[in-house]
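Data first, discussion second: the structure below is written as structure tokens.
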2 protein chains.
Amino acid sequence: MASLGELERSVMDLLWSAPEASTANDLRDRLALVEGQGKDLAVTTVLTVLSRLEKKGLVERERGTRPHRYRAVSTREDHTARLMHEALGTATDREAVLARFIGSVSEAEAATLRKLLASG
Amino acid sequence: MASLGELERSVMDLLWSAPEASTANDLRDRLALVEGQGKDLAVTTVLTVLSRLEKKGLVERERGTRPHRYRAVSTREDHTARLMHEALGTATDREAVLARFIGSVSEAEAATLRKLLASG
DNA sequence: CCCGACTTCTACGTTTTGTAGAAACTCGAC
DNA sequence: GTCGAGTTTCTACAAAACGTAGAAGTCGGG
């Protein structure tokens, strides 16, 4: 239940890179300015997507203010880390998976991991 | 393009736990015996699913033998590790993601990771 | 009370997945 | 060489997810 469509992901990307909660109109405008191909969408389209993302638990909104304001529930990093755990979760032999995972990580990242594991 | 449906996942699970390449009939029979709810499917259904999994690059088949034999292209562990890298790949700040990931790993697994990172 | 901005409801086209019958193919038996 | 049982491929359809947006409803300021 964690997979996102293309537009859904674009919206999440905008929410994650926004410093504050955004309105639907705001997001609509920013979607039109995306490098490459700018999507010129109706506001209702954006609102529909936001509702679906809310239902999926990725987005929450302030209902008090008149144009509702939307924000991502968790940071992009937390979300990604959770996805990784989700993938790992289905495995029978978690250690074997971790071994493969570590095996194909860059040396720089391996060093980072060593540090993180030492301090923890 | 890596996400799987429920039946597709069941088939992959069977292929991953099979010691040798399996025929469609073989898989059909084993699907009927799954704990909980056994799916009683037509063999053409299984063949369709196998074709789709082949197109997705998760399954390969021996076309020489008369009942074709199907096997998973990679182990379950390799596949899962790749999914984890795939999730990580979309991140801008990979180190931050790794920090979150490590943060929510059990102590036993942290120990395993330390060992793996030391020997590598 | 009315208008315009905003939100919700409803809807439809496309893609993905589950499901399988119909048609085509293959190989051994006769 | 042909026939049939077993296999595979083709075609099809229903349900869910997603992209997309018009129509209808709601709310606050004037």
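Only this structure's heavy atoms are used, side chains among them; waters, hydrogens and symmetry mates stay out. Chain identifiers are assigned alphabetically (A, B, ...) following the order of the sequence lines, protein sequences preceding nucleic acid strands; residue numbering begins at 1 within each chain.
Atom-to-atom, NZ of B:Lys56 to P of C:dT16 comes out at 9 Å; the value is rounded to the nearest Å. Distance B:Glu8 CD to C:dT17 P: 5 Å, rounded to the nearest Å. The distance from atom CE of B:Met12 to atom C1' of C:dT17 is 16 Å, rounded to the nearest whole Å.
B:Trp16 CH2 to B:Arg71 CZ: the interatomic distance, rounded to the nearest 0.5 Å, is 15.0 Å. A:Arg28 contributes atom CZ, which lies 11.0 Å from atom CG of A:Leu47 (distance to the nearest 0.5 angstrom).
Side-chain nitrogen and oxygen atoms of B:Asn25 include none within less than 4.0 Å of the OP1 or OP2 phosphate oxygen of D:dG6. Residue B:Ser3 places at least one side-chain N or O under 4.0 Å from the OP1 or OP2 atom of C:dT17. Remark: B:Lys39 is in phosphate contact with C:dT19, judged by side-chain N or O atoms under 4.0 Å from OP1 or OP2. Proximity of B:Arg63 to the phosphate of D:dT9: a side-chain N or O atom is located under 4.0 Å from OP1 or OP2. Side-chain N/O atoms of B:Arg28 include none lying less than 4.0 angstrom from OP1 or OP2 on C:dT19. Residue A:Thr45 places at least one side-chain N or O under 4.0 Å from the OP1 or OP2 atom of D:dA21. Between A:Lys55 and D:dA17 there is no side-chain N or O to OP1 or OP2 distance below 4.0 Å. Between A:Arg69 and C:dT7 there is no side-chain polar atom (N or O) within less than 4.0 angstrom of OP1 or OP2.
B:Leu83 and A:Val105 fall into different hydrophobic clusters, where Ile, Leu, Val, Met, Phe, Trp and Tyr are joined by side-chain heavy atoms under 4.5 Å apart, directly or via other members.
When the nucleotides D:dA21, D:dT8, D:dG19 are ranked by their closest atom to the side chain of A:Thr44, D:dA21 comes out on top. Among the nucleotides D:dT26, C:dT17, D:dG19, the one closest to the side chain of A:Arg66 is D:dT26. Relative to the side chain of A:Pro67, the nucleotides C:dT8, C:dC6, D:dT8 differ in distance, and C:dC6 lies closest. Listed candidates were C:dA22, C:dT19, D:dG19. Nearest to the side chain of B:Val49 is C:dT19. The side chain of A:Leu41 sits closest to D:dT20 out of C:dA20, D:dA23, D:dT20.
Among the atoms of the strands shown, none is found under 4.0 Å from any heavy atom of A:Arg9. Note on B:Leu7: only backbone sugar-phosphate atoms sit closer than 4.0 angstrom, heavy atoms only; bases stay farther off.
Between A:Asp40 and A:Leu4, the residue whose closest nucleotide on DNA chain D is further toward the 5' end is A:Leu4.
Between the side chain of B:Arg52 and the base of C:dG18, at least one donor-acceptor pair of N or O atoms lies under 3.5 Å. In terms of polar N and O atoms assigned as donor or acceptor, the side chain of A:Thr48 comes within less than 3.5 Å of the base of D:dA21 in a complementary pairing.
When only modelled atom types and interatomic distance are considered, B:Arg82 and A:Ser104 share no side-chain donor-acceptor pair under 3.5 Å.
With respect to A:Arg76 and A:Asp13, a salt bridge is recorded, a charged nitrogen being found less than 4.0 Å from a carboxylate O.
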